[in-house]
Amino acid sequence: MVQVSFSPPTICLALLPGLRRLLPSLPPTVRDVDVPPLFRERYILSGYRPVGQSWRCYVLSLFQLHNETLNVWSHLLAALCIALRFLTFSVFQGGVETQKLWFLRDSSAVITLISCRGSWDSGCKGLKIFLPASAFLAWLSCSACCYAKLRFQRSYPLHRKLCQVGPMGVAYLLDISPVIHRLSTQNWSSSPAMPLHLLQVVLFLLAAFFFSCPIPERFSPGRYDIIGHGHQLFHLLLSLCTLAQQEALYEDFLMRRPALIRMFGEERILLACVSFICLTLCCVMTVNHMSAQVVAQLKRGHR
């Protein structure tokens with residue numbers, strides 16, 4: 001009988017130490033009592049990644065099952081879908097073959113797509129104030145969430161959640177007000193974007209509910225640690241909301257871009273959109289500052 005050897009080739013043996021260094025084995029997940037209170041979530045008892053690991057371990061933990069796995073992948077997959085959809089719309093003009101200019105060759109199209117988050121009615125009349133105000137409130141929401149996470153300890157008081165939800169609620173009310181005006185005053189069959197706008201509003205409200213309320217894990221602590229907890233549903237619903245919003249924007253772009261350009265001109269719209277560049281920079285600086293505060297707090301052992 002022919003003998004079959006399953007021993008790895010010599011070259012594999014030589015490469016194994018290097019592969020182990022590049023792809024280290026990940027530590028198992030731990031329980032809530034094994035991580036600092038800063039990283040614990042109410043009613044989530046297990047599935048936490050241990051702290052103090054290298055960045056390489058946390059990147060590789062994308063392929064490990066823990067209580068944040070589905071949260072991260074819902075956003076990664078949504079980001080991929082958004083990028084692919086934007087690419088196809090850019091090249092093929094949303095499937096409208098009669099339009100000859102490509103989206104990527106028309107700078108005004110990009111500006112219009114960013115403007116007003118899909119609404120060209122009453123909100124656009126105050127475009128020069130509307131967009132900078134939206135950017136400022138978005139930064140305030142980011143800062144408030146970081147501050148609440150860092151400042152308030154367990155057991156979490158009610159004003160911790162208010163600190164997180166309040167600025168986001170104000171920002172959303174401002175951003176969505178033109179869309180709500182359209183939904184309440186126009187015939188929903190007048191544009192294919194209208195049902196999509198309604199869908200994105202419903203999905204956002206559901207996401208806000210699960211962000212604010214730890215349901216269903218509140219009623220069965222430990223049962224939904226990996227799959228099904230409220231924060232996970234929040235991430236999933238928010239990703240679906242973004243996809244619906246993107247489709248609504250494209251439909252509005254195809255129908256409403258000429259009117260917006262005639263009303264404001266490309267240069268004024270571009271100037272108003274500069275505030276979102278500032279928003280990105282401010283959010284990055286805020287997150288970096290808060291991350292440094294977290295590291296310092298953990299070193300001091302306050303938590």
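Sequential numbering from 1 along the given sequence is applied to the chain's residues.
Two different hydrophobic clusters hold Trp55 and Leu60 under the rule that ILVMFWY side chains link at heavy-atom gaps under 4.5 Å. A single hydrophobic cluster is seen to contain both Phe136 and Val170, as judged by linkage of ILVMFWY side chains at heavy-atom distances under 4.5 Å, directly or through other members. Hydrophobic clustering, with ILVMFWY side chains joined whenever heavy atoms are under 4.5 angstrom apart, keeps Leu240 apart from Leu77. Taking hydrophobic clusters as Ile, Leu, Val, Met, Phe, Trp and Tyr residues chained together by side-chain heavy-atom distances below 4.5 Å, Leu196 does not share a cluster with Val202. Linking ILVMFWY side-chain heavy atoms closer than 4.5 Å, directly or via other members, places Leu38 and Val51 in a single hydrophobic cluster.
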Practice item. List the steps, then state whether salt bridge (Lys or Arg N to Asp or Glu O under 4.0 Å) holds for Glu41 with Lys149. Key: CA-CA 11 Å; Glu41 294 294 336; Lys149 186 73 173 179; 2.9 Å; yes
Review point. Does the side chain to side chain contact (heavy atoms under 4.5 Å, CB included) test come out yes or no for Met168 and Cys145, once each step is laid out?
Key: CA-CA 9 Å; Met168 285 191 293; Cys145 286; 4.0 Å; yes
Exercise for review: Given side chain to side chain contact (heavy atoms under 4.5 Å, CB included), test Phe209 with Phe204 step by step and report yes or no.
Suggested key: CA-CA 9 Å; Phe209 170 78; Phe204 183 89; over 6 Å; no
Check your understanding: When you look at Leu236 and Gln232, which way does the side chain to side chain contact (heavy atoms under 4.5 Å, CB included) test go after all the steps?
Key -> CA-CA 6 Å; Leu236 178 61; Gln232 190 176 93; 6.0 Å; no
Point to revise | Steps toward side chain to side chain contact (heavy atoms under 4.5 Å, CB included) verdict (Arg85, Glu247) | key: CA-CA 9 Å; Arg85 183 69 180 94; Glu247 289 301 317; 2.5 Å; yes
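Between the side chain of Trp139 and the backbone N or O of Thr280 there is no donor-acceptor pair closer than 3.5 Å. Checking side-chain atoms of Tyr43 against main-chain N and O of Pro214 turns up no donor-acceptor pair under 3.5 Å. Within the 3.5 Å criterion, the main-chain N or O of Leu183 finds a donor-acceptor partner in the side chain of Trp188. Within the 3.5 Å criterion, the main-chain N or O of Val284 finds a donor-acceptor partner in the side chain of Asn288. Remark: the backbone N or O of Leu238 is paired with a side-chain donor or acceptor of Thr242 at under 3.5 angstrom. With hydrogens and angles disregarded, a donor-acceptor distance shorter than 3.5 Å links the side chain of Arg40 to the backbone of Asp32. Between the side chain of Asp225 and the backbone N or O of Leu45 there is at least one donor-acceptor pair closer than 3.5 Å. For the pair Glu68 (side chain) and Tyr48 (backbone), a donor-acceptor distance under 3.5 Å is absent. Remark: side-chain polar atoms of Glu251 are not paired, donor with acceptor, to backbone N or O of Ser191 under 3.5 angstrom. Listed for the Ser143 side chain is no donor-acceptor partner under 3.5 Å among the backbone atoms of Leu140.
Nearest heavy-atom pair, Val165 versus Ser212, reported as atom, atom and distance to 0.1 Å: CG2-OG, 3.7 Å. The shortest heavy-atom contact between Gln64 and Pro28 is NE2-CA, 4.3 Å. The shortest heavy-atom contact between Cys57 and Leu26 is O-CD2, 3.5 Å. When all heavy atoms of Ser74 and Ser239 are compared, the closest pair comes out as O-OG, 3.3 Å. Shortest non-hydrogen contact noted between Ala148 and Arg160 is O-NE, 3.6 Å. Of all heavy-atom pairs spanning Pro50 and Pro27, the tightest one is CG-CG, 3.7 Å.
A donor atom on one side chain and an acceptor atom on the other are found under 3.5 Å apart for His197 and Asp252. Inspection of the Arg31 and Ser46 side chains reveals no N or O donor paired with an N or O acceptor under 3.5 Å.
Between Phe234 and Phe211, the distance from one ring center to the other falls under 6.0 angstrom.
Here Ile176 contributes atom CD1 and Tyr172 contributes atom OH; the two are 3.5 Å apart, rounded to the nearest 0.5 Å. To the nearest 0.5 Å, atom CD1 of residue Ile226 and atom OG1 of residue Thr69 are 7.0 Å apart. Separating the CD atom in Gln245 from the CG atom in Asp175 is a distance of 8.5 Å, to the nearest 0.5 Å. For the atom pair CE of Met255 and OG of Ser190, the computed distance is 7.0 Å after rounding to the nearest 0.5 Å. Expressed to the nearest 0.5 Å, how far CG of Leu243 lies from CD1 of Ile82 amounts to 5.0 Å. Atom-to-atom distance recorded for Leu203:CG and Leu199:CG is 4.5 Å, nearest 0.5 angstrom.
Under a 4.0 Å N-O distance rule, the pair Arg42/Glu217 does not qualify as a salt bridge.
Between Tyr224 and Leu233 the shortest side-chain heavy-atom distance does not fall below 4.5 Å. Between Leu198 and Met194, every side-chain heavy-atom pair lies at or beyond the 4.5 Å cut-off. Between Val294 and Leu150, some side-chain heavy-atom pair lies under the 4.5 Å cut-off. Contact check for Val287 versus Cys142: side-chain heavy atoms found under the 4.5 Å cut-off.
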